[in-house]
Amino acid sequence: MTQSQHEAIAAPSMVVERQRRAKQRRTLFYLALIAVGLVAPFLAYPVFLMKILCFALFACAFNLLLGYAGLLSFGHAAFLASGGYVTGYLLASYPGLTPELGIIAGTLSATLLGVLFGVLSIRRQGIYFAMVTLALAQLMFFVYIQAPFTGGEDGLHGVPRGELLGFINLSNNMAMYYFVFAIFLFGFALIQRTVNSPFGQVLKAIRENEPRAVSLGYNVDAYKLLAFVLSAAIAGLAGSTKTVVFQLASLTDAHWHMSGEVILMTLLGGVGTLLGPVMGASLVVSLQHLLAQSPLGNWVSVILGIIFVVCVLSFRSGIVGELAKMYRKNFK
Amino acid sequence: MMMIFGVPMAVLMGQLTLGLVNGAFYALLSLGLAVIFGLLKIVNFAHGAQYMLGAFAALLGFRYLGINYWLALILVPLVVGCFGMLMERFLLRRIAHLDHLYGLLLTFGLALIFEGTLVNIFGVSGARYSAPEALQGGMNLGFMFLPVYRGWVLVAALAMCFFTWFMIERTRLGAYLRAGTENSQLMQAFGVNVPLLITLTYGFGVGLAAFAGVLAAPLYPVSPTMGSSLLIVVFAVVVIGGMGSILGAIITGLSMGIIEGLTKVYYPEAANTVIFLVMILVLLLRPAGLFGKEA
């Protein structure tokens, strides 16, 4: 509040200068992160990194909805899974199909599902919205168990990674990594662009005060639906990519636990921050990886539950949110 | 043998009873959710876990303390209900002033903890808990064979629903509860101890879930995951009925059970999904829910 008042009083040139420098800092920061992403596969196991990237994209998609439109979806697993299943089925049944086409098809199917779910679930608000999305995702879970193309309880195995654009062999983990990294950057940039666009501003207005947004003449339902569909599409993109990386699609992705996990990732990293979901996904995936090898392997869901409770009780801004608060307090 | 739409009468009636019994559980659980939601405004995601805790408490009480079924039916809801009150007092109350979605997330985390802990101790395969001697066996009603225990569950669940209705609509405490649901700040201004009322209400809702758990113990395998999948169906039932009225919760619960039972007979492939499909239909035709007041 006072910050903006100061800015209003300060000479315009100073404001412009400060904004320019902030923008410069942000650009440098993102470039540094991209550099880290480019070097990372030489320092860590690429498959592990790809898993992080896929879940980070998934969490970013979820955060677009919760963090910027204020809609808590408890059914995002459905989009992850449908992207995965469609991509997996197509790539496994049509050997000539290149992976990028498979991923596009998977993403489209998740988008379509997003339209259907969105139209139904935005008819209810708040807590009911969460319950409706959860129930719809559970419906899809049963559909995936019984549908002929999902492999039922076993899931789809041995999905070929194939050759990107017909000539880059993705069975090489390094090639696969950079492909996944490119997809992640695309998804992240799309979300970043959306959030900072006029559309994103209206979403935030709806999140803060829906009746006021209505009274200002915005078609709130259309905005919510578009945000929902966009979020579903990017979640589907994450699921499709994940299927190509791990060469399998299974019911784990469709289970409500998965919808809960993505909430946890976002909450832990910081709801409504761009980098929070990336941070949260990295932490949760790493934690699961570490625990799986330790004697505590069976306690993963209990530990996730404890983190959930701690986050809600005393760490609601998440890691990135808390860091941003500290930064604002000490450096401005 | 009489056939109805190509299905033997006995089979149809059998599935209908099964459906009614399931519906009784839907009714009990959605009633508990509605009572909690009314005053606390949170959706209790731990409701399924608390139902499961009820079944486990009955099982373990019998195994280690020799507590019989009838005693368990009274003791377990009290014990689990008190446990729920502790949860409310020390966890939920801390976030009561925040967006109600946090309540959903907190109870979700708690459900993960309960479920995961019991999975580690008891595994996922279910244990058996036998019904008391008096409720075993069946009755021949002429047109169908009714297992006594299922009949008892139906009677007990409906009695419990009636008891809840009576408590809320016909007692002083219930009047406080209804008033608090309308405007808890005003209630506090009138000198009612609202925090205590909230704790008691949560405890009562949890107790209802535990009561359902004890009733379910002899019917279904007692396993740590028995609550979570049931809860999602109950959520759909709640969306269909709306959380506005007690009678609405009971009617919706029972009728969804019947619809599920009928689907099992005529189109078994859709038996798992039919309630969700009904939910979609209701969302399209009457977004506020059948008995709901607000969207």
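Since this is a predicted model, take the numbers as computed values, not measurements. All chains are named by letter (A, B, ...) in the order of the sequence lines, taking the proteins before the strands, and each is independently numbered beginning at 1.
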Measure across A/Leu139 and B/Ile280 and return the closest heavy-atom pair with its distance rounded to 0.1 Å.
-> CD2-CD1, 3.7 Å

Non-hydrogen atoms of chain A under 4.5 Å away: do they reach the side chain of B/Phe108, the backbone, both or neither?
-> side chain

Least distance between heavy atoms, B/Phe235 atom then A/Leu134 atom | CD1-CD2, 3.4 Å

Interchain contact, A/Ile303 with chain B, by part (heavy-atom threshold 4.5 Å) = neither

Checking heavy-atom separations under 4.5 Å from chain B, one finds in residues 71-80 of chain A A/Leu72, A/Phe74

Between CG on residue B/Asn272 and CD1 on residue A/Ile145, distance to nearest 0.5 Å = 7.0 Å

Nearest heavy atoms of A/Ile127 and B/His100, plus distance in Å | CD1-O, 3.7 Å

Heavy-atom distance under 4.5 Å to chain A: side chain of B/Val119, backbone, both or neither?
-> neither

What part of B/Leu105 gets closer than 4.5 Å to chain A, counting heavy atoms only: side chain, backbone, both or neither?
-> both

Counting a contact as any heavy-atom pair under 4.5 Å apart, which residues of residues 81-96 of chain B contact chain A?
-> B/Leu91, B/Arg94, B/Ile95

Write out, in numerical order, the residues from residues 41-49 of chain B with a heavy atom short of 4.5 Å from a heavy atom in chain A.
-> B/Lys41, B/Val43, B/Phe45

Under 4.5 Å, heavy atom to heavy atom, which residues of residues 254-271 of chain A contact chain B?
-> A/Trp256, A/His257, A/Gly260, A/Ile263, A/Leu267

Could you give the distance from CZ (B/Phe276) to CD (A/Gln138), rounded to the nearest 0.5 Å?
-> 5.0 Å

